[in-house]
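Heads up: the structure comes next, in structure tokens.
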Amino acid sequence: MPCSPSHPDVASNAETFARFAQDQYDDAVVLLAALAGKLRSADNTYTKYDDGVHAKLNSVLTSGRYTEPGNR
């Protein structure tokens, strides 16, 4: 049995859906790329903050001295 060509409405709807799906994919890629940039920026901010806290703690640990509770 030979294959008959698809109905023009089916072909048109398939093409419309394919364009819609491609647009949705492109939008998702753009949004994920923007999110990745924001996450990299946040990571850098927190890393700098953590480095500062780490340096302060190290300063206390290396420069501090223990004082007995009764001698304060």
Side-chain angles (χ1 to χ4, degrees):
M1 180 170 186
C3 293
S4 62
S6 61
H7 191 278
D9 287 341
V10 173
S12 175
N13 286 336
E15 186 177 351
T16 299
F17 178 75
R19 284 191 188 128
F20 171 77
Q22 185 64 46
D23 287 345
Q24 292 296 304
Y25 173 80
D26 293 342
D27 289 347
V29 168
V30 169
L31 288 172
L32 290 173
L35 178 60
K38 294 288 185 184
L39 288 173
R40 269 190 234 103
S41 175
D43 178 49
N44 290 338
T45 300
Y46 285 116
T47 299
K48 289 177 187 172
Y49 178 79
D50 286 346
D51 287 346
V53 171
H54 184 260
K56 287 179 185 177
L57 181 58
N58 275 346
S59 172
V60 168
L61 293 174
T62 57
S63 301
R65 60 188 175 100
Y66 177 74
T67 305
E68 292 283 338
N71 296 333
R72 291 184 185 183

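The figures that follow rest on heavy atoms only: side chains count, while hydrogens, waters and symmetry mates do not.
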When rounded to the nearest 0.5 angstrom, what is the spacing between CG in Asp50 and CG in Leu57?
11.5 Å
Donor-acceptor pairs under 3.5 angstrom involving side-chain atoms of residues 21-38: please list them, not counting sequence neighbours.
unit_1, atom_1, unit_2, atom_2, d
Gln22, NE2, Asp26, OD1, 2.9

Look only at the side chain of Thr16 and the backbone of Ser12, and say whether a donor-acceptor pair between them is shorter than 3.5 Å.
yes
